[in-house]
Amino acid sequence: MGDRWEEGLHMGEEGRVRVHGWVSEVRDLGRIRFVVLRNWREKVQLTLKRGVTPDELFDLTDELTQESVIEAIGEEVAEKRAKAVDREVIPSKVIVHSIADPKLPMDPNWKVPAQLPTRLDNRPLDLRRPEVQAIFKIEASLIHGMEDWLRENGFLRVFTPAIIGAASESGAEVFRVKYFDREAYLRQDPQLHRQLTVIGGFERIYDLGVNWRAELSHTPRHLSEFRSIAVELAFIENEQDTMRVEESMIRAGIQRVVEERSRELELLGIQLEIPNVPFPELRFPKVYDILEEMGKEVEYGEDYDTESEKLLWQYVRQEYGSDFFFVNRFPFKAKPFYVMKEDDMWARSVDLLYKGLELSSGGQREHRYEVLLSQIVEKGMNPKNLEWFTKFFAYGAPPHGGFAVGIERLTMKMLNLQNIKEAALFPRDPERVLP
RNA sequence: GCCCGGGUGGUGUAGCCCGGUUAGCAUAGGGGCCUGUCGAGCCCCAGACCCGGGUUCAAAUCCCGGCCCGGGCGCCA
């Protein structure tokens with residue numbers, strides 16, 4: 001919409017245009033002044049000359065401060081002396097919408113870079129930086145590409161609830177909310193309701209939405225509130241079917257970024273390659289051998305740690321030249337009750353890793369009612385607490401599986417961002433809920 | 001939650017080890033000069049040691065506590 005609207009602002013006759021933006025800079029050279037406007041598409045320079053520009057208009061720019069918001073009407077001129085801007089306009093009229101306080105808490109022009117906490121404290125100013133806008137333009141294209149692929153392949157977008165009456169599957173801490181006279185929780189993952197939707201007869205679905213984790217995580221890769229694109233599909237043969245969907249979806253997202261966002265990628269200095277599919281797959285228990293070769297002992301039957309993820313990435317890069325890889329057949333003891341077992345020890349449970357970071361968990365789910373119940377008992381959980389979920393498996397459940405990809409994590413790794421908070425507009429962590 | 005590191009003008013930093021003049025610099029801000037700047041330039045002005053306690057003749061500097069921030073781990077996406 002922004003694009004079309006902006007085009008409409010070119011008034012056509014005699015190069016007359018209407019431009020708008022935030023004042024990036026006022027360069028006062030005495031009898032000539034340049035006002036550089038920044039908007040989300042471009043930089044426009046307004047040029048005012050004493051004696052040529054009407055005095056009223058020239059003097060109006062006295063009050064213009066950095067980050068003030070104005071519109072201008074004037075003649076666009078072809079001016080090769082204007083180097084660091086996209087266009088130059090000789091204004092005949094300027095409309096001042098807002099004069100910014102000259103004492104800014106940070107500099108959107110980035111002459112003095114601000115630290116991340118300062119940036120986040122002043123996020124609306126930080127967001128004006130083209131480099132920051134590029135992140136979110138890329139993220140939008142990424143999601144569009146993934147969603148389009150899902151739609152083209154028969155997946156239906158659904159919305160599952162964010163407020164749930166029973167703490168969901170994993171051991172991760174949940175946010176408690178007051179729900180009328182009861183307690184309820186914010187979802188950590190749309191997983192269980194996705195499964196119930198499939199049991200409801202929707203054979204291919206995805207939920208693009210928000211998840212919350214109340215963990216006191218202080219790391220550059222955790223948020224208290226994050227978004228995921230979560231897919232579930234029925235009548236699968238095994239977990240391989242979910243992996244094929246996942247890698248194709250991600251490939252399509254990245255392809256869309258490459259197609260639509262070359263300018264933004266260049267601005268961020270990122271050379272993005274469209275990944276080859278299928279992604280390499282590592283399996284337990286072979287993972288233990290690989291790690292041992294890399295000089296890392298992980299006890300047989302145990303889950304691996306953060307360091308192992310990085311080592312496996314090194315291994316996959318050497319062996320397959322890929323930044324993406326699946327890890328399959330995790331030990332059942334390390335995974336939730338609902339995963340499908342391959343045998344007594346290993347599960348059809350799949351993580352996707354990207355540059356050494358876990359992007360998603362997924363795989364095939366256990367759809368057989370009796371088996372599901374016995375796995376709950378095996379996990380030492382009270383079947384009563386999960387009855388709201390499990391009872392529907394008694395009324396006909398197809399074999400199914402799925403996964404949830406963390407959007408901020410994918411964006412972060414794709415753009416080599418140092419902190420996941422850079423990939424969230426207004427990130428939430430244990431310390432930050434404002435702005 | 002545990003461990004490690006750090007808090008100096010609006011922003012970003014130097015100084016801290018080895019305590020001692022007016023706490024330096026850049027940028028933003030205020031004032032001035034300049035008709036093609038584009039990280040504009042030049043001159044002038046103003047602006048800071050996180051909070052509390054302790055050691056000392058003397059603390060930005062050393063010690064203790066608190067608060068805040070960053071990183072590592074765990075947990076996960």
Side-chain angles (χ1 to χ4, degrees), chain A residues 24-36 38 43-53 58 65-67 77 79-86 88 90 100-122 125-126 169-174 187-191 209-230 303-310 334-336 351-354 357-362 403-413 418-421 423-424 429-432:
Chain A
S24 168
E25 228 165 338
V26 181
R27 290 214 188 81
D28 179 2
L29 277 68
R31 295 175 62 78
I32 184 166
R33 280 179 188 172
F34 303 98
V35 176
V36 180
R38 177 200 330 107
K43 280 192 170 178
V44 185
Q45 174 166 272
L46 307 179
T47 303
L48 301 96
K49 295 177 185 174
R50 180 69 83 188
V52 179
T53 305
F58 193 91
T65 52
Q66 192 191 331
E67 301 308 316
V77 292
E79 175 56 80
K80 40 183 188 300
R81 283 175 297 181
K83 288 171 210 141
V85 293
D86 299 293
E88 176 164 318
I90 309 297
D101 187 332
K103 289 174 186 156
L104 298 171
M106 62 167 286
D107 177 18
N109 286 341
W110 216 235
K111 282 181 189 170
V112 179
Q115 300 274 19
L116 188 57
T118 305
R119 292 172 49 198
L120 296 177
D121 286 343
N122 301 285
L125 268 75
D126 185 49
E169 84 288 6
S170 70
E173 282 295 313
V174 289
R187 72 178 184 193
Q188 305 155 285
D189 189 291
Q191 153 98 33
V210 189
N211 310 293
W212 294 268
R213 299 277 164 93
E215 299 284 351
L216 287 168
S217 298
H218 296 98
T219 82
R221 55 187 184 278
H222 286 88
L223 291 168
S224 300
E225 177 183 273
F226 67 97
R227 278 134 289 265
S228 65
I229 186 158
D303 199 0
Y304 57 46
D305 57 11
T306 306
E307 192 193 4
S308 305
E309 292 179 333
K310 284 170 190 149
K335 290 291 176 179
D351 280 7
L352 176 63
L353 284 88
Y354 183 24
L357 181 67
E358 184 179 343
L359 264 197
S360 85
S361 280
F403 55 85
V405 175
I407 289 167
E408 290 91 349
R409 281 196 171 181
L410 178 53
T411 306
M412 171 196 183
K413 283 295 170 182
Q418 293 304 302
N419 196 308
I420 195 167
K421 291 171 197 173
D429 65 31
E431 279 73 39
R432 183 182 298 280

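All values below come from the heavy atoms of this structure, side chains included, with hydrogens, waters and symmetry mates left out. Throughout, protein chains are lettered first and strands after them, A, B, ... in sequence-line order, and every chain is numbered starting at 1.
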Asks: Can you tell me how far C1' in B:G24 sits from the matching atom in B:G47, rounded to whole Å?
Replies: 14 Å
Asks: Can you tell me the Watson-Crick or wobble partner of B:U11, both distances under 3.5 angstrom?
Replies: B:A26
Asks: Nearest of B:G36, B:G39, B:G29 to any side-chain atom of A:K103?
Replies: B:G29
Asks: If you find the nucleotide of RNA chain B closest to A:L357 and the one closest to A:K310, which residue's nucleotide is nearer the 5' end?
Replies: A:K310
Asks: Classify the side chain of A:R213 versus the base of B:A77 as yes if they form a donor-acceptor pair under 3.5 Å and no if they do not.
Replies: yes
Asks: With sequence neighbours left out, what residues match A:S217 under side chain to side chain contact (heavy atoms under 4.5 Å, CB included)?
Replies: A:E215, A:H222
Asks: When the P atoms of B:C68 and B:A26 are compared, how many Å lie between them, rounded to an integer?
Replies: 35 Å
Asks: Give the nucleotide from the list B:C75, B:U27, B:U35 with an atom nearest to the side chain of A:I32.
Replies: B:U35
Asks: Is any side-chain heavy atom of A:K335 less than 4.5 Å from a side-chain heavy atom of A:D351?
Replies: yes
Asks: Please give, in whole Å, the distance from B:U27 C1' to A:L104 CG?
Replies: 12 Å
Asks: Does A:Q191 put a side-chain nitrogen or oxygen below 4.0 Å from OP1 or OP2 of B:A77?
Replies: no
Asks: Is there a side-chain contact between A:Q66 and A:D107, using heavy atoms and a 4.5 Å cut-off?
Replies: yes
Asks: Would you please name every residue forming a salt bridge (charged side-chain N to carboxylate O under 4.0 Å, His left out) with A:E307, sequence neighbours left out?
Replies: A:K296
Asks: Could you tell me if A:N109 and A:S24 have a donor-acceptor pair between their side chains, going purely by distance under 3.5 Å?
Replies: yes
Asks: Searching all strands shown, indicate the nucleotide that pairs with B:G39 (Watson-Crick or G-U wobble; both distances under 3.5 Å).
Replies: none
Asks: Just how far, in rounded Å, is C1' of B:C75 from CZ of A:F226?
Replies: 12 Å
Asks: For the residue pair A:D189 and A:R213, establish whether any side-chain heavy-atom pair is separated by less than 4.5 Å.
Replies: yes
Asks: Rounding to the closest angstrom, what is the interatomic distance between B:G70 and B:G12 at atom C1'?
Replies: 16 Å
Asks: Could you tell me how far B:A48 sits from B:U22 if I compare only their P atoms? Round to whole Å.
Replies: 16 Å
Asks: State whether the distance check finds a donor on one side and an acceptor on the other, under 3.5 Å, for side chain A:R50 versus base B:C34.
Replies: no
Asks: B:G71 P sits how many Å from A:Q418 CD, rounded?
Replies: 9 Å
Asks: If pairing requires Watson-Crick or G-U wobble contacts with both distances under 3.5 Å, which nucleotide is the partner of B:C73?
Replies: B:G1
Asks: Which nucleotide in the list B:A28, B:U37, B:G39 gets nearest to the side chain of A:Q66?
Replies: B:A28
Asks: Once salt bridge (charged side-chain N to carboxylate O under 4.0 Å, His left out) is applied, do any residues pair with A:E79, and if so which ones, sequence neighbours excluded?
Replies: A:R81
Asks: Which nucleotide wins on minimum distance to the side chain of A:A114, given the candidates B:U11, B:A77, B:G36?
Replies: B:U11
Asks: Considering only the C1' atoms, how many Å lie between B:C49 and B:U13, rounded to the nearest integer?
Replies: 13 Å
Asks: Distance check needed: B:C76 C1' versus A:L352 CG, whole Å only.
Replies: 15 Å
Asks: State the pairing partner of B:C34; accept Watson-Crick or G-U wobble contacts with both distances under 3.5 Å, and report none otherwise.
Replies: none
Asks: Measure from the side-chain heavy atoms of A:R409 and tell me the nearest of B:G30, B:C73, B:A77.
Replies: B:A77
Asks: In chain order, what residues pass the salt bridge (charged side-chain N to carboxylate O under 4.0 Å, His left out) check against A:K111, with sequence neighbours excluded?
Replies: A:E25
Asks: Looking at every strand, decide which applies to A:N211 at a 4.0 Å heavy-atom threshold: base, sugar-phosphate, or nothing.
Replies: nothing
Asks: Please state how far atom CG in A:D28 lies from atom C1' in B:C34, giving the value in whole angstrom units.
Replies: 9 Å
Asks: Could you please name the option among B:U11, B:C73, B:A77 that lies closest to any side-chain atom of A:I420?
Replies: B:A77
Asks: From the list B:A40, B:C73, B:C76, which nucleotide is the closest neighbour of the side chain of A:R27?
Replies: B:A40
Asks: Any side-chain N or O of A:T306 below 4.0 angstrom from OP1/OP2 of B:G74?
Replies: yes
Asks: Compare the aromatic ring of A:F34 with the six-membered base ring of B:G36 and state whether they stack according to the 5.5 Å and 30° rule.
Replies: no
Asks: Would you please name every residue forming a salt bridge (charged side-chain N to carboxylate O under 4.0 Å, His left out) with A:R31, sequence neighbours left out?
Replies: none
Asks: A:L216 has a side chain; which of B:U37, B:C76, B:G1 sits nearest to it?
Replies: B:G1
Asks: In whole angstrom, give me the gap between the P atoms of B:C45 and B:C25.
Replies: 12 Å
Asks: Check whether any side-chain nitrogen or oxygen of A:S361 sits under 4.0 Å from OP1 or OP2 of B:A77, and answer yes or no.
Replies: yes
Asks: Under the 3.5 Å rule, do the base of B:U37 and the side chain of A:Q45 count as making a donor-acceptor pair?
Replies: yes
Asks: If I take atom NZ from residue A:K413 and atom CG from residue A:L359, how far apart are they, to the nearest 0.5 angstrom?
Replies: 9.5 Å
Asks: How far, in whole Å, is B:G31 from B:A46 if one measures between their C1' atoms?
Replies: 11 Å
Asks: Considering only B:C73, B:G36, B:G30, which nucleotide approaches the side chain of A:R221 most closely?
Replies: B:C73
Asks: Between A:F58 (CZ) and B:U35 (C1'), how many Å, whole number?
Replies: 9 Å
Asks: What interatomic distance, in whole Å, is found between P of B:U61 and the corresponding atom of B:G6?
Replies: 14 Å
Asks: Using a 4.0 Å heavy-atom cut-off, does A:T65 contact any base of the nucleic acid, only the sugar-phosphate backbone, or nothing at all?
Replies: nothing
Asks: The side chain of A:P220 is closest to which nucleotide in this list: B:A77, B:C73, B:G71?
Replies: B:G71
Asks: Output a table of nitrogen or oxygen pairs between the protein and nucleotides 66-69 of chain B separated by less than 3.5 Å.
Replies:
none

Asks: Between B:G12 and A:K111, counting only base atoms on the nucleotide and side-chain atoms on the residue, is there a donor-acceptor pair under 3.5 Å?
Replies: no
Asks: Given atom NE2 of A:H222 and atom P of B:G72, what is their separation to the nearest angstrom?
Replies: 11 Å
Asks: Describe the nucleic acid contact of A:L223 in one word from base, sugar-phosphate, nothing, applying a heavy-atom distance below 4.0 Å.
Replies: base
Asks: I need the minimum non-hydrogen distance between A:Q45 and A:A82, along with the two atoms involved.
Replies: NE2-CB, 3.7 Å
Asks: Taking atom C1' of B:A26 as reference, at what distance in whole Å does atom CG of A:N109 sit?
Replies: 16 Å
Asks: Indicate, yes or no, whether a donor-acceptor pair under 3.5 Å links the base of B:G1 to the side chain of A:E173.
Replies: no
